[in-house]
Each structure stands twice: as structure tokens, then as C-alpha cells.
4 protein chains.
Amino acid sequence: MHITGMKLDKADMKRKVILRAALKIFGEKGYHYATLSQIAKEAGVSRGLIHFYFENKLDLIISLMLIFLEKLNSTHQQVLTREKDPVKKIHLYFKVISDIILNDDDSLCWGNILKEGLPKVQMLKSEKLREKYERIVGENKKLVTAITDIIKQAQTKGVFDNSIPPQIISFMFGGASQLLYYGLFLQRTRSNIVTSDESINESYIKKAMESLINKFIVQ
Amino acid sequence: MHITGMKLDKADMKRKVILRAALKIFGEKGYHYATLSQIAKEAGVSRGLIHFYFENKLDLIISLMLIFLEKLNSTHQQVLTREKDPVKKIHLYFKVISDIILNDDDSLCWGNILKEGLPKVQMLKSEKLREKYERIVGENKKLVTAITDIIKQAQTKGVFDNSIPPQIISFMFGGASQLLYYGLFLQRTRSNIVTSDESINESYIKKAMESLINKFIVQ
Amino acid sequence: MHITGMKLDKADMKRKVILRAALKIFGEKGYHYATLSQIAKEAGVSRGLIHFYFENKLDLIISLMLIFLEKLNSTHQQVLTREKDPVKKIHLYFKVISDIILNDDDSLCWGNILKEGLPKVQMLKSEKLREKYERIVGENKKLVTAITDIIKQAQTKGVFDNSIPPQIISFMFGGASQLLYYGLFLQRTRSNIVTSDESINESYIKKAMESLINKFIVQ
Amino acid sequence: MHITGMKLDKADMKRKVILRAALKIFGEKGYHYATLSQIAKEAGVSRGLIHFYFENKLDLIISLMLIFLEKLNSTHQQVLTREKDPVKKIHLYFKVISDIILNDDDSLCWGNILKEGLPKVQMLKSEKLREKYERIVGENKKLVTAITDIIKQAQTKGVFDNSIPPQIISFMFGGASQLLYYGLFLQRTRSNIVTSDESINESYIKKAMESLINKFIVQ
DNA sequence: CATGAATGAGAGTTCATTCAT
DNA sequence: AATGAATGAACTCTCATTCAT
């Protein structure tokens, strides 16, 4: 996934370079162990320039989250409107996420960005970042609502287990996929304490998520 | 869950007081935003005393993890050996976790401790913390292996879906429960961006996990 | 002696200002009683800037030592190659040291820097300071070897007492001059316990060192 | 040299044990890098007990200095009064020092104690240590005066070089012996940057000091 | 646009010292 | 006489952030 797919003037290019560097460093070291110096070095720019394009360190991860969430939601919107069957929609919803997250190695970082970034959203005090805050909250709500609504539809149609509230189901699906991607990330990046004999891999994850969803289908 | 259930002399009491304060502050603010000053204040002791009982800040979260993991594994061992049916064992495994995590309000912090602490385990360099490192890795492996093995048993017996590798299933179950508890935690502590109309609650979570597991049963 | 006699751009100027402040504070209070705050205040800069130019506190005294030793050795090299008579060389060797140490009031601090700094050299662990470590060891060896070699020459030529190993002689000469300069330093800076009626002064010191050396001449 | 040769009750024994531990640790690590914990451990007592017998950390090194200086002066007094020839007296003066300092391995630490301790004497503020302060200053003055006076005598008698003030000569002799003992200390304790091919040893040092003194004799 | 020197608040940590037992 | 838990002042060092150039 590209950080931006829009037309880029030179300034936007620099912004993009910094964001990609931030994605990598945040992903590798985690938000707090990542320093702006490292990001600047990775991006090949000076520390000062980061603050020209971004309010502060928080703004960097917030901006990354926003890019990811907007990309996700817009893709969802495009894809999901073309499909009418609610169960197929559920499959599509997670397939879109898979496709984006498993795209390339760096992309696995996106999961971490979200995991680390979300709890930080409420720290946004600066007036200037208020707008981004609103957008993130909105996008996140959109993402959660989307899947919850589809599940609700499927339940209403009688084709999906309706003994569990749709939001709970969406949390289960979300949690399952999150940990699978995180396991894959750890396996790829760090010699890890979670390792095991049978390693997790992409095709297993996709297949597993499909199986999981299918189990909620009611014949 | 109590931080220690052993007989306590006065020195152990203070250790416990500090650990409980650390659990709360780490849980509320996250490891990096928590300061030793805050923990000392919460515990009602001086900053220096923390370093009398603990090597450093990392030692605090590491010690908390160890307590949690050891409690979890020892309870699992007690409970699981009494049950022979593998499917019931799987249910028991997650019930034990539920019971411990949902015990009291502070207990919800445990999930966060683990989430934040595990990636830090590999940072342990100090010779003095090496031993704790080994124990954590061991306990974690034990925890993961336990559920994976039970699932494998159930699959071998032909009573559990064997189209998915047992480790992948354990990751799905683990991820699902993790996110549910985290959602509950956020709901209780912070005015949150993940909130929604239908709130998550304890009984829903337990019921949901049971349903989830049952869906993998093969008749 | 100036801390650097090279052409200075603005950045080097600040480095020099900090080093001069460090020289003064270290000299006055000793390494351990000197704080970075005091040095920063003396230099008129912030505490942080010291760490911009120097790795850490140790790097400050190490850098000072290096400047002093390099200055000493380079001056020795210039001066000593022009003189062929070994006895005159010995005189010159100590005259160079005198000239540098007695140059101005602050210069007396150099003796202290060396006295305190040398035992700290072996503490250098940081990879970044490794290079400085090598250079210091090299310069120090050069300094000691230089005088030992000249004495050896003089002994071989039969003009200098050869009943004592050259290194022992160089230690005696070195020790004698060290204590004389240290006495002068104490006299000038601190109300002292070593003071006496007859005070030490510069001309006495130079004359004394010359006499001392001459006593080892064999006619 | 024993820290005290007096009759010892049990309390004095503990004091002695602590002082000997302090001597070793101060000698090995230097005053600032030595911690009271290490000294307590070496002495086999608790940290608290050190403060029962000694005012504070400074008191420890001060007490060691006092023991050393008193021992030195009393031995000097005994030995020097028996000798009438001033030149022989000068030899005796340094022989006494040699005998005490080279006595055993730990004894080499005494030199360091003095080197580190003397600049600290003037820090003595506490009323309780005032008396020790006066005694140290007195003993130190006695030590310096003793040799200066003997040299003066020798000069007056016309048997010793009188072109240099006696105090300067005493500084030269003192400095020379100090550096020789320090070189020996470094050689024995630390892998050092001052090392050289020909190692310093005790008999060389004694012989060298004798030669040095003899060179000032006027026939 | 871009730099990097400069700032300073705040963190973790050490350790001499005190004091109840 | 002896302990060691408890304190807190003071230190070094990090690093996001600012700003003159």
C-alpha cells in the first residue's frame, strides 16, 4: 500500500518520504523507542524538517493511522457496495484488510501503528490536531460500524448466528485477525518468545479467517 | 487476583504494595507514560524504595508479568488435569483466563501488562534479570503450548475441526478473547473512540467465547 | 595554551567554549564534584548543548586530556628534533612542559585534568569513545617513551648516570615536576594544608628542574 | 602496616575491620567509585554500622589518612632522633616511608588514600570532624616540616646543595617517590596505560631514591 | 524549504544517610 | 551494638521541540 496515491508536488513528496520512514521506524522499534532523529535519518532529511510538515511526534503516528484508516474505508466502500450477499460481504471485508496488510513487508507495520496509535488518539490536546482527531474517530467508527452493520444484516436475513450481538462478533473476528497478523509480524521481524514449530503464514491466515466466518453461517 | 497469596512478612508487603501500584499506573497510563514518581506516590513510598525492591522500571512490569503468567499456568494445571474431555478442556482453559482477568476492576489491567510487557522481554540484558527472562519465556511457552496441545488432542480424537493447524486456532481464540477484554477495559477506564451503542459486558464475553469454541466442534 | 589553535567555525567555537569551561570547573572542583550544570553555566550554554557536542561527562575530560597530550607531543616533536645533544634534549623536554603548564592561571588546571583523567581512560566502554581511548593511550605512550628514549641515548653516550634504568629516572623527573606544579596550583587556588612559609614559585620550579637534571650528568 | 597496633576491645575490632575494608575498596576503586555498600560487604557488616562508627563517608578516608600520617610521623620521630648525620637522616626519612608503603600489597593503597584524601580535607565542615581536620593538618605539616628541616640542616652544614630552597627539594624528593610508588601500584593492580617494557620494582625504587638523594650531597 | 544548533523539562537511577526495631 | 528498610537530594542523560540563519 502506498502512503498516498494522489498527485504529488515536491512538498507532498517530502511528506510522503517522512511518513514512510516513520512507518518503518515506528514499526520496527515501537513508538516510544523510535526517535525523530532515527526517522529523519531514515528519511534522509533533517530533524527540523519533520516539524515543518508535522506538528509533533504524535502527529506522525496519527497521520499514518489516518492514511491507513481512510485507505481501508474507501476500499471497503468501493468493494462492498458491489456485493449484495451479506455473508460474502463479511468475507470481502476481511479480505480487503488482508490484502492491504499482507501487501509487502513494511505493510505488516500497519498493524502495529494502529495498535500503538489508537490509545494515543485521546491524548490529542493541540487545537491544530483537533481536526485530525475528529477524522480518526470518525474513520474508526466507520470501520467498526461497517462490519457490525453487515453482520447485523446477515443476522436479520437469518443466515448468520444471531445468538451473539453483532459487535461482539466483529470484535472476535477483529481480534482473531489482529493476533494472526501480529504473530506473522513478530515471526518476520524479531527472534521471538511466541515462536513455535508450525509457523504462521499468509495463506493459512486467509484460509483460517474464511473458515472462522463460515462457522457463523446458519443453514 | 491477588499479587501474591503467600504468607507475607513486612518486606514482602511493601513489595506487594509497590507491585499493585505499578499494576494500576501501568494499566491506566501505559508503561511509558507511567513514571516511577507516580507509582511511588500511588504506593505511598519514596522513589528510592522502588529501586530497593526492583532492579529498575523494566523489572517492575516484568515481575508483574511473571506473577500473572505463573498464576495462570498453575491454575490451568490444577484445573485441566481433572478434566479428560478435550473439548471441555478448551472451554476450561479460557474460563480460567476469564475468571482471572474479570475478577476485579484492577484485574483488567493484567491484559495490558501482558500486551505491553511481552515485546519488552527481549530487551532484558541485565544479568540479574536474566533469570526472570528465562522464567517468562518458559511460562509463556507453557501457556501457548497448553492450549495448542489440547486442540491437537481434540483434533486427533476427531471432535474438533482439523482443517486448520492447532496453533492458528489457538491464535484465533486468543486474539478474540484479547480484543474483547481490551474493549471492556477501554469501556471502563477511558472515554473511548471504540465505544458503540451496544456495550461489551462480561457475560456476553464469556458466552461469546463459548459459542466460538463450540463452532469448531465436529459432530 | 589555547584549547585549539585551528581555524574555528562557529560550531567549533562553542565546543571550545564548553571545553574551556570544563577545564576550569574540573580543575577547581575535581571531576566528581564538578557538575554538568556548573560547566554549562560557566560556558553560558544549556545543559543539553554539552551533550550535543560531547558523548557524556567522561568524554569532556577525555577530550581535554587528548588536546593536552597532543599539544604536548607535537610541541615536543617540533622542538626536540632540532636539538642533537641528548642532555639538552632532556632539559628541553621539561622546559616544553613548563612553558605549557605555567602559561596562564587556567593552565595549571591541566595538571589536574591529567592526574584525574588518566585512571578514567580504562573505563571507556562506549564504542564511540573507543577511538579517543586508542589515541590517548597512544599519546601517553609517546610522551613517556620520548623522555625514556632520550635518557637512554644520554646514558649510552656516557653523559648521563646509567646506574638507574631510564624509565625509573623518567618517573623521578616526572614525579618531581608534577608535585611542584601541583603545589603551585594549590597555592594559587585553595587555602591549603600544604602551604608553608617559603612559597613555591615558577622560577624556582624551572630552576629546580634544571638542577635536578644536571645532577644526573656524568663528567 | 596494621591499621592500629593498640590494644583492642570488641568495638575497636569492628572499627578496624571497617577501616581495613575501606582501605582496600578505596584503593581499588577510588573514593568516588567506592560505595559504602561495597565496603560494608567487604567488612562483613551492615551499611548502618559504618555510620555508627564513622560520621560519614568522608570520615572514613580522613580516618585512614590520620592513621597513616600518625604512624609515619611517630616512626619518623623514633628513628630520626637516633641519627645525627643530616644526610643519613634524609635517607632514613624516605626509607621509613618505603618500608611502610611497600610492606604488603594492600599497603600500596595508602599512597592512593593520601593522594585522594588530601584535597578533601578542606571540605570538612562538620563540627564533629573539626578535630580530625586539625590533627590531619598538623600531622601533614609535621611530615613536610620534618624533611624540610633536615634538608635545611644539611644545607647549613654545607653538605647538601643549597642553591635550591629546602622546600623545593623536599617536593622533588616527595614527588619522585610518589610517582614511583604509584607506578608500582598501577602495575600490580590494573592493566595499565602507563606500562612499559622495564617494569618498576621495589628494589629499583629504593635504590633510585638513594641515588637521587646522594646527588644533592656536596663534597 | 531546509538545516542543525540550541533549549530545557523531565526521566530513571544512585547512594549517602537516617532511624525504627 | 547491629540491622536494613526507607528516604530524598542530586546526578547524568535523552529527546521532542524551537528558531535563527
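Please read all numbers here as calculations on a predicted model, not as lab measurements. Residue numbers begin at 1 in each chain, while the letters A, B, ... track the order of the sequences.
Regarding contacts with the backbone of E:dT17, a side-chain N or O of D:H51 is found under 4.0 angstrom from either OP1 or OP2. Regarding contacts with the backbone of E:dA11, every side-chain N or O of B:Y33 stays at 4.0 angstrom or more from both OP1 and OP2. Note on A:Y53: a side-chain N or O is less than 4.0 Å away from OP1 or OP2 of E:dA2. Close to F:dC13, at under 4.0 Å from its OP1 or OP2, lies no side-chain N or O of C:K57. For A:K14, no side-chain nitrogen or oxygen approaches OP1 or OP2 of E:dC1 to under 4.0 Å.
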Dot-bracket for DNA chain E, 5' to 3', Watson-Crick and G-U pairs with both distances under 3.5 Å, [ ] for crossing pairs, | for partner on another strand, reads .||||||||||||||||||||
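Distance CZ (B:R47) to C1' (F:dC11): 12 Å, rounded to an integer number of Å. Atom CG in D:L49 sits roughly 14 Å away from atom C1' in E:dT17 (whole-Å rounding). Regarding B:I39, its CD1 atom lies at a distance of 11 Å from the P atom of E:dT13, rounded to whole Å. Whole-Å rounding puts the B:K29 NZ to E:dA11 P distance at 10 Å. We find that NZ of B:K41 is positioned 17 Å from C1' of F:dT7, with the value rounded to whole Å. The nearest whole Å value for the distance from the NZ atom in D:K128 to the P atom in E:dT17 is 12 Å. As rounded to whole Å, 13 Å separates atom P of F:dC13 from atom CZ of C:F54. The nearest whole Å value for the distance from the CG atom in C:L36 to the P atom in E:dG10 is 20 Å.
Closest-nucleotide positions on DNA chain F for A:S37 and B:S46 were compared, and the one nearer the 5' end corresponds to B:S46. Between D:I50 and C:Y31, the residue whose closest nucleotide on DNA chain F is further toward the 5' end is D:I50. Sequence order on DNA chain E of the closest nucleotides to C:V45 and D:T35 puts C:V45 first from the 5' end. Map B:H32 and D:G48 each onto its nearest nucleotide of DNA chain E; the residue landing nearer the 5' end is B:H32.
In terms of heavy atoms, B:P119 sits closest to B:L114 at CD-O, 4.4 Å.
Looking only at distances, no side-chain donor or acceptor of C:K29 sits under 3.5 Å from a matching main-chain atom of C:T35. A donor-acceptor pair under 3.5 Å is formed between the side chain of A:Y31 and the backbone N or O of A:L58.
For the pair A:K128 and A:D59, the minimum side-chain heavy-atom distance is 4.5 Å or more.
The residue C:A34 sits close only to the backbone: its heavy atoms come under 4.0 Å of sugar-phosphate atoms, none of a base.
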| said: With side chain to side chain contact (heavy atoms under 4.5 Å, CB included) as the criterion, how do C:M65 and C:V121 come out once you've worked through the C-alpha distance, each side chain's angles and the decisive distance to 0.1 Å? | reply: CA-CA 10 Å; C:M65 286 172 63; C:V121 172; 3.7 Å; yes
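One distance of note links CD1 of A:I67 with CG of A:L69; it measures 10.5 Å at 0.5 Å rounding. Note: B:I61 CD1 to B:L23 CG = 9.5 Å, rounded to the nearest 0.5 Å.
Between C:H32 and D:H32, the ring planes are parallel. Angles under 30° get that label, and only those over 60° would be called perpendicular.
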